[in-house]
Amino acid sequence: MTAIRYELIKTCKQTGARLGRVHTPHGSFETPIFMPVGTLATVKTMTPEELKAINAEIILSNTYHLWLRPGEDIVQEAGGLHQFMNWDRPILTDSGGFQVFSLSDLREIEEKGVHFRNHISGEKLFLTPEKATQIQNALGSDIMMAFDECPPFPAEHKYMKDSVERTSRWAERCLAAHQRPEDQGLFGIVQGGEYKDLRKQSAQDLTSLDFPGYAIGGLSVGEPKEIMNEMVEYTTQFLPTDKPRYLMGVGSADSLIDGAIRGIDMFDCVLPTRIARNGTLMTSQGRLVVRNAKFARDFSPLDPNCDCYTCKNYTRAYIRHLIKTDEILGLRLTTYHNLYFLLNLMEQVREAIKADRLGDFREEFFENYGFNKPDAKNF
RNA sequence: GGAGGGAUAGCGAAGUUGGUCAAACGCGGCGGACUGUAAAUCCGCUCCCAUCGGGUUCGUAGGUUCGAGUCCUACUCCCUCCA
């Protein structure tokens with residue numbers, strides 16, 4: 001009996017996108033889905049009640065960061081991550097593999113694991129597949145991620161091949177170390193960068209280990225979007241259709257739609273929450289930098305087509321004022337809106353799949369958002 | 001009335017053995033970036049015109065000097081203390 005089960009409901013006749021349902025020990029959710037990121041056991045600025053109000057079904061947290069603070073033992077003592085942070089819906093924990101990438105200046109990789117320099121204290125740490133698994137077992141997340149290496153782009157083929165093979169060996173070690181397969185599902189992560197042969201090899205290595213779900217990692221790390229889409233499209237053919245597929249770290253509106261069209265079921269990204277705190281909003285008409293002076297006297301909502309709490313009650317001028325004056329409410333209102341926007345977008349994507357018209361939806365959305373403009377960039 | 005201190009770019013504030021000063025730094029302003037969160041962060045620009053480059057600045061007016069934000073004189077204003 002596995003903790004995670006995927007149910008394929010239907011496939012979009014127009015695009016091949018999958019409508020599905022993932023069942024977890026803390027309830028189920030429909031896919032394709034976007035998962036807000038709450039690295040330190042909190043989606044920055046948002047209470048669990050607010051997350052529920054915008055229909056967040058599953059959120060992320062992070063092994064590396066919770067290991068450092070407060071320590072997985074404290075979370076376990078609190079009764080697990082769900083109880084600790086007062087979130088009773090599903091939680092997915094990333095393994096720390098992304099920190100191998102993002103903290104690359106502070107770490108050293110070897111076969112057994114990765115030496116880190118604690119980015120807060122400078123203390124020397126050693127994270128292994130076994131340790132990352134043990135921490136996630138202690139945290140009690142519904143979906144755990146295998147400890148992988150997320151290599152940078154670009155990387156030499158030779159380096160990537162070694163990395164992919166090591167990640168596969170690590171995945172096997174994670175599986176072996178996993179103490180609670182009945183309560184927590186462990187996903188494998190396909191790597192391989194921009195190299196098809198390595199993507200294929202990685203996918204085959206991992207599927208032979210039979211994980212309850214598979215992630216595609218190592219994308220959205222600086223490569224062109226065409227390469228990302230190509231790699232996603234190429235990789236999914238080697239993944240089983242009866243398991244969920246998770247494209248890690250992707251959260252721009254266009255990439256979510258294009259990912260769903262290529263058979264992706266789950267996405268996560270810090271983008272909506274991070275750019276919200278920095279004063280950029282996602283709207284049906286494209287990105288809006290509310291900090292800009294031109295909004296100083298704009299008393300319309302962030303997105304006229306949005307019915308979230310922020311858009312129903314506050315103006316661009318007011319939110320600009322809050323952001324410019326470093327008022328905490330500004331961060332909350334913008335974060336709320338951006339998450340609502342992506343969650344709502346995915347709801348529309350699911351509806352479009354049900355109606356076999358995701359291709360049409362994509363066209364309409366891209367047109368409004370401005371992706372079709374010749375000078376479209378950085379969405 | 002007397003003694004002393006000070007006036008630097010939108011604001012605050014460095015700079016006073018005269019040259020390497022269009023003038024540090026902070027704030028403010030303007031713009032950009034952000035994709036499994038070292039992020040309420042980071043990066044540019046911020047006297048005027050301009051592609052190089054040029055033109056005007058450091059309270060005001062003179063002066064010394066090859067050269068002055070930096071030295072001298074007068075004036076204006078501000079602050080502190082004494083009458």
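The base-pairing partner of B:C81, taking Watson-Crick or G-U wobble contacts with both distances under 3.5 Å, is B:G2. Pairing for B:A14 is absent, judged as Watson-Crick or G-U wobble with the two contacts each under 3.5 Å. Pairing partner, B:C45: B:G29, with both Watson-Crick or wobble hydrogen-bond distances short of 3.5 Å. The nucleotide B:C34 finds no pairing partner, because no Watson-Crick or G-U wobble arrangement with both distances shorter than 3.5 Å includes it. With a cut-off of 3.5 Å on both Watson-Crick or G-U wobble distances, the partner of B:U73 is given as B:A61. Nucleotide B:U20 is matched to nothing when pairs are restricted to Watson-Crick or G-U wobble geometry with both distances under 3.5 angstrom. Both distances falling under 3.5 Å, in either a Watson-Crick or a G-U wobble arrangement, occur for no nucleotide opposite B:U51.
Contact check on A:Asp210 versus A:Lys243 returns a salt bridge, with a Lys/Arg side-chain nitrogen under 4.0 Å from an Asp/Glu carboxylate oxygen. Using a 4.0 Å cut-off between charged side-chain N and carboxylate O, A:Asp242 and A:Arg5 make no salt bridge. Ionic pairing of A:Lys354 and A:Glu351 is present here: one or more N-O contacts between side-chain nitrogen and carboxylate oxygen are shorter than 4.0 angstrom. Ion pairing between a basic and an acidic side chain is recognised when a charged N comes within 4.0 Å of a carboxylate O; A:Asp162 and A:Lys158 show such pairing. Electrostatic pairing of A:Lys196 and A:Glu233 does not count as a salt bridge here, judged by no charged N lying under 4.0 Å from a carboxylate O. At a threshold of 4.0 Å, the pair A:Arg117-A:Glu123 does not count as salt-bridged, since none of the basic side-chain nitrogens sits closer than that to a carboxylate oxygen. Between A:Asp258 and A:Arg362 there is a salt bridge, since a side-chain N of the basic residue sits under 4.0 Å from a carboxylate O of the acidic one.
The stretch residues 189-197 of chain A comes close to RNA chain B through A:Ile189, A:Gln191, each having a heavy atom under 4.0 Å from the strand.
Side-chain N/O atoms of A:Thr273 and base N/O atoms of B:U37 include a donor-acceptor pair closer than 3.5 Å.
Across the protein-nucleic acid pair, A:Leu66 atom CG and B:U37 atom C1' stand 12 Å apart, rounded to whole Å. Rounded to an integer number of Å, the gap from A:Tyr246 OH to B:U35 C1' is 12 Å. Atom CZ in A:Phe153 sits roughly 15 Å away from atom P in B:U35 (whole-Å rounding). Remark: C1' of B:G36 and CG of A:Asp94 are 4 Å apart, rounded to the nearest angstrom. Whole-Å rounding puts the A:Glu223 CD to B:G36 C1' distance at 13 Å. Counting to the nearest Å, the C1' atom of B:U35 and the CG atom of A:Asp258 are 14 Å from each other. Atom CG in A:Leu106 sits roughly 15 Å away from atom C1' in B:U37 (whole-Å rounding). Taking atom NZ on A:Lys225 and atom P on B:U35, their separation rounds to 11 Å, with Å as the unit.
Between the P atoms of B:G55 and B:G31, the separation comes to 32 Å (whole Å). Spacing between B:U16 and B:A23 at atom C1', rounded to whole Å, works out to 14 Å. B:C52 sits 13 Å from B:C45 when the P atoms are compared, rounded to a whole Å. When the P atom is compared between B:C72 and B:G18, the two are found 11 Å apart, to the nearest whole Å. Spacing between B:U76 and B:G62 at atom C1', rounded to whole Å, works out to 15 Å. For the C1' atom pair drawn from B:U57 and B:U70, the interatomic distance equals 15 Å after rounding to whole Å. B:G67 and B:G12 have their C1' atoms separated by 31 Å, given to the nearest Å. Comparing B:U46 with B:A39, their P atoms are spaced 31 Å from each other, to the whole Å.
At least one donor-acceptor pair closer than 3.5 Å links the side chain of A:Thr236 to the backbone N or O of A:Val232. Listed for the A:Ser61 side chain is a donor-acceptor partner under 3.5 Å among the backbone atoms of A:Ala41. In this structure, the side chain of A:Ser202 does not engage the main chain of A:Leu198 through any donor-acceptor pair within 3.5 Å.
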Show the distances under 3.5 angstrom between N or O atoms of the protein and N or O atoms of nucleotides 39-42 of chain B.
unit_1, atom_1, unit_2, atom_2, d
B:A39, O2', A:Arg277, NH2, 3.0
B:A39, N7, A:Arg274, NH2, 3.0
B:A39, N6, A:Arg274, NH1, 3.4
B:A40, OP2, A:Arg277, NE, 2.9
B:A40, OP2, A:Arg277, NH2, 3.2
B:U41, N3, A:Asn278, OD1, 3.3
B:U41, N3, A:Asn278, ND2, 3.4
B:U41, O4, A:Asn278, OD1, 3.0

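Dashed line: the shortest gap from a side-chain N or O of A:Asn292 to OP1 or OP2 of B:G31 is under 4.0 Å. Side-chain N/O atoms of A:Gln99 include none lying less than 4.0 angstrom from OP1 or OP2 on B:G36. In this model, the phosphate group of B:A38 is approached by a side-chain N or O of A:Ser102 to a distance below 4.0 Å at OP1 or OP2. At the phosphate of B:U35, neither OP1 nor OP2 sits under 4.0 Å from any side-chain N or O atom of A:Arg287. In this structure, A:Asn62 does not reach the B:A38 phosphate: none of its side-chain N or O atoms is under 4.0 Å from OP1 or OP2.
Distance from the side chain of A:Val289 is smallest to B:G32 among B:U37, B:G32, B:C34. Side chain of A:Val250, nearest nucleotide from B:U35, B:G36, B:C34: B:U35. Taking the side chain of A:Ser220 as heavy atoms from C-beta on, and the options B:A38, B:U37, B:U35, the nearest nucleotide is B:U35. Residue A:Lys324 has its side chain nearest to B:C30 when only B:G36, B:C34, B:C30 are considered.
Heavy-atom neighbours of A:Lys112 NZ from other residues, nucleotides or ligands within 6.0 Å: at or below the threshold of 12.
A:Leu103 comes within 4.0 angstrom of a nucleotide base, judged by non-hydrogen atoms across all strands. When heavy atoms are screened at a 4.0 angstrom cut-off, A:Thr45 is found touching no nucleic acid atom at all.
Where A:Val43 and A:Thr280 each meet RNA chain B at their nearest nucleotide, the meeting point lying more 5' is that of A:Thr280.
Atom CD1 of residue A:Ile264 and atom OG of residue A:Ser255 lie 11.5 Å apart, to the nearest 0.5 angstrom. In this structure, OG1 on A:Thr167 lies 10.0 Å from CG on A:Asp205, to the nearest 0.5 angstrom.
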